[in-house]
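What you are looking at is a predicted structure, and each value in this text was computed from that prediction instead of being measured. One-based numbering, in listed order, for ligands and for the atoms of each.
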Amino acid sequence: MNIVIFGPPGAGKGTQSNFIVKKYKLHQLSTGELLRNEIRNKTDLGKKISSLMNSGKLVSDQVVSNLIEKFISDNKYNNRLIFDGYPRNKLQANNLKDLLKKYDQEIDLVLKLSISLDAIKKRITGRSVCSICGKIYNKFFNPAPVNSECCASKFLQKRSDDTLDIAVTRYQTYEKNIAPVIDFYKQTNLLRVVNGERSIVEISKEISDLIEGIKG
Ligand code: AP5
Ligand code: MG
């Protein structure tokens, strides 16, 4: 089973992907995380994309496509991928279809998490991520456990693009590009729209039901 999950910044793509990974033993392929890894590792690519990412704009389609093909072509992940934050425009949607076809795979479910710009503000400004295990927290809605060794406060990091200004631009970038992606998946009948403004648990429950539905 391959799943696509998309939605605006702060919609909960990463949070729900973590849940799906654990419950259904899939592999999360977050293009944002792959790109941040390039920056953390100070690769040539990382140096090129760092200011672009911190401006809230999209990295080039070709760069992201090269990164995801490595996973799609790897037998270890065959039909076990959750695409978090890919595709983000029509070209990427077409590209994903072609890449999956090339490796004899397809998409089984597309989840669109919907949320307003107003509702994402506290999610973005309150977010921190554990640098050890990658778990996502929020000081307002989902604080890290107090006595945890792994997710202790010294290991929690903020993302450099998690300022209000950049989040607004990221939201606008999303809105500007996403309509053709929605149309694309509506035509395939794979699209399910999930209200992302509810609690994490409520959203996970709906996503579980949708996945169980396609597993039959
Ligand atoms: P990316 O890393 O994908 O960022 P994004 O799309 O802006 O989304 P976020 O990761 O901010 O939000 P999320 O939906 O994962 O929310 P989360 O679960 O963390 O991309 C970053 C950049 O990389 C892009 O701007 C672009 O430059 C580049 N890029 C990436 N993919 C690309 C592509 N395909 N093509 C070109 N460029 C690309 O939750 C957010 C917070 O809210 C957390 O604190 C969480 O604890 C909390 N939370 C989650 N759910 C709930 C809930 N239901 N109730 C309350 N709080 C909640
Ligand atoms: Mg994310």
Visitor: I need the atoms of ligand 1 closer than 4.0 Å to a non-hydrogen atom of N142, numbered in the order shown.
Guide: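 So the atoms of ligand 1 that pass are 46 (O).
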Visitor: Is the closest N or O pair between A11 and ligand 1 shorter than 3.5 Å?
Guide: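 Yes, A11 has an N/O under 3.5 Å of an N/O on ligand 1.
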Visitor: At a 4.0 Å threshold, what atoms of ligand 1 neighbour a non-hydrogen atom of Y86?
Guide: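 Reading through ligand 1 atom by atom, the close ones are 34 (N).
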Visitor: Just need the protein heavy atom nearest to atom 44 (O) of ligand 1, so name the residue and atom and give the distance.
Guide: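 Checking every protein heavy atom, the shortest distance to atom 44 (O) of ligand 1 gives Y137 O, 2.7 Å.
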Visitor: Return the residue, atom name and 0.1 Å-rounded distance of the protein heavy atom closest to atom 15 (O) of ligand 1.
Guide: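 The answer is G14 N, 2.9 Å.
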Visitor: Give the residue, atom name and distance (to 0.1 Å) of the protein heavy atom nearest atom 13 (P) of ligand 1.
Guide: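 I find the closest protein heavy atom is K13 N, 3.5 Å.
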Visitor: How does I200 reach ligand 1, if at all, at less than 4.0 Å between non-hydrogen atoms: by side chain, backbone, both, or neither?
Guide: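 Near ligand 1, I200 shows its backbone as well as its side chain.
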Visitor: What protein heavy atom sits nearest atom 36 (C) of ligand 1, and how far away is it?
Guide: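 Among all protein heavy atoms, the one nearest atom 36 (C) of ligand 1 is V59 O, 3.2 Å.
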Visitor: In terms of atom number and element, which parts of ligand 1 are under 4.0 angstrom from non-hydrogen atoms of P8?
Guide: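 Close to P8: 14 (O).
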Visitor: Have a look at N89 and tell me which of T173, D61, N95 forms a side-chain hydrogen bond (donor to acceptor under 3.5 Å, both in side chains) with it.
Guide: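 Testing each of T173, D61, N95 against N89, the sole residue satisfying side-chain hydrogen bond (donor to acceptor under 3.5 Å, both in side chains) is D61.
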Visitor: Which of these, T15, T31, I49, has its nearest heavy atom closest to atom 18 (O) of ligand 1?
Guide: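 Checking each option, the heavy atom nearest atom 18 (O) of ligand 1 is found in T15.
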Visitor: With only distance considered, is R127 within less than 3.5 Å of ligand 1 through an N or O on each side?
Guide: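 Looking only at distances, the answer is yes, because the N/O contact criterion of under 3.5 Å is met.
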Visitor: Working note: K97 + E106, criterion salt bridge (charged side-chain N to carboxylate O under 4.0 Å, His left out); need CA distance, chi angles, decisive distance, verdict.
Guide: CA-CA 7 Å; K97 186 179 165 210; E106 53 187 35; over 6 Å; no
Visitor: So, regarding S30 and ligand 1 (criterion: nitrogen or oxygen to nitrogen or oxygen, under 3.5 Å), is there a contact or not?
Guide: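 Such a contact does not occur with ligand 1.
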Visitor: Work out which heavy atom in R36 is nearest to a heavy atom in S30; give both atom names and the distance.
Guide: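 The answer is NH2-OG, 4.5 Å.
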Visitor: Check whether V110 and I5 end up in the same hydrophobic cluster, where Ile, Leu, Val, Met, Phe, Trp and Tyr are linked by side-chain heavy atoms less than 4.5 Å apart.
Guide: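 V110 and I5: separate clusters.
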Visitor: Please check if the side chain of E33 supplies one atom and the backbone of Q28 the other of a donor-acceptor pair under 3.5 Å.
Guide: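 The answer is no, because no donor-acceptor pair under 3.5 Å joins these two groups.
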Visitor: May I ask you to list the atoms of ligand 1 that are less than 4.0 angstrom from any heavy atom of L35?
Guide: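 Taking each heavy atom of L35 in turn, ligand 1 has 23 (O), 28 (C), 29 (N), 30 (C), 38 (C) under 4.0 Å.
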Visitor: Can you check which of N138, I5, I203, D84 brings a heavy atom nearest to atom 46 (O) of ligand 1?
Guide: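 The option holding the nearest heavy atom is N138.
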Visitor: What residue and atom, counting heavy atoms only, is the protein's closest point to atom 12 (O) of ligand 1, and at what distance?
Guide: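 Nearest protein contact, heavy atoms only, for atom 12 (O) of ligand 1 is G10 N, 2.8 Å.
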Visitor: Quick one: do V63 and I72 end up in the same hydrophobic cluster if we chain Ile, Leu, Val, Met, Phe, Trp and Tyr together by side-chain heavy atoms under 4.5 Å apart?
Guide: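 V63 clusters together with I72.
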Visitor: Just by distance, with hydrogens left out, do Q62 and N66 show a side-chain donor and acceptor under 3.5 Å apart?
Guide: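 On atom types as modelled, these side chains qualify, holding a pair under 3.5 Å.
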Visitor: If you take the nearest heavy atom of each of R36, Q16, E33, which one is closest to atom 2 (O) of ligand 1?
Guide: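 Shortest heavy-atom distance from atom 2 (O) of ligand 1: R36.
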Visitor: Is S128 close to ligand 1, meaning an N/O of one under 3.5 Å from an N/O of the other?
Guide: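 Not met; the criterion fails.
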Visitor: In a table with atom names and distances, give each donor-acceptor pair under 3.5 Å that connects a side chain of residues 48-58 to protein atoms at least two apart or in another chain.
Guide:
unit_1	atom_1	unit_2	atom_2	d
N54	OD1	S160	OG	2.8
S55	OG	L52	O	2.7

Visitor: Give the table of side-chain donor-acceptor pairs shorter than 3.5 Å for residues 128-141, with sequence neighbours excluded, one pair per line with atom names and distance.
Guide:
unit_1	atom_1	unit_2	atom_2	d
S131	OG	F155	O	2.9
N138	OD1	F140	N	2.8
N138	OD1	F141	N	3.2
N138	ND2	K122	O	3.4
N138	ND2	R123	O	3.0

Visitor: Within a distance under 4.0 Å of any heavy atom of F141, pick out the atoms of ligand 1 and give their elements.
Guide: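 Going through ligand 1 atom by atom, the ones under 4.0 Å from F141 are 55 (C), 56 (N).
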Visitor: Can E197 and S116 be said to form a side-chain hydrogen bond (donor to acceptor under 3.5 Å, both in side chains), step by step?
Guide: CA-CA 8 Å; E197 296 203 9; S116 68; 3.2 Å; yes
Visitor: Determine, considering heavy atoms only, which of R123, R88, M53 sits nearest to atom 57 (C) of ligand 1.
Guide: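 The nearest heavy atom belongs to R123.
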Visitor: Test salt bridge (charged side-chain N to carboxylate O under 4.0 Å, His left out) on R127 and D162; report intermediate values, then the result.
Guide: CA-CA 8 Å; R127 171 167 51 192; D162 269 353; 2.8 Å; yes
Visitor: Among all protein non-hydrogen atoms, which one is nearest to atom 35 (N) of ligand 1, and what is the separation to 0.1 Å?
Guide: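 Answer, as residue, atom name and distance: Q92 NE2, 2.9 Å.
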Visitor: Do N78 and Q105 have a side chain donor and acceptor closer than 3.5 Å?
Guide: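 A donor-acceptor contact under 3.5 Å links the two side chains.
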Visitor: Tell me the protein heavy atom at minimum distance from atom 27 (O) of ligand 1, and give that distance in Å.
Guide: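 For atom 27 (O) of ligand 1, the nearest protein heavy atom comes out as K57 O, 2.6 Å.
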Visitor: Where's the contact between Y174 and ligand 1, heavy-atom distance under 4.0 Å: side chain, backbone, both or neither?
Guide: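 No part of Y174 is near ligand 1 at this cut-off.
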Visitor: Give the cluster check for Y174 versus Y86: same hydrophobic cluster or not, with ILVMFWY residues linked at side-chain heavy-atom distances below 4.5 Å.
Guide: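 Yes, it is one cluster - the side chains of Y174 and Y86 are joined through contacts under 4.5 Å.
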Visitor: For atom 10 (O) of ligand 1, what's the nearest protein heavy-atom neighbour? Residue, atom name and distance, please.
Guide: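 For atom 10 (O) of ligand 1, the nearest protein heavy atom is R159 NH1, 2.8 Å.
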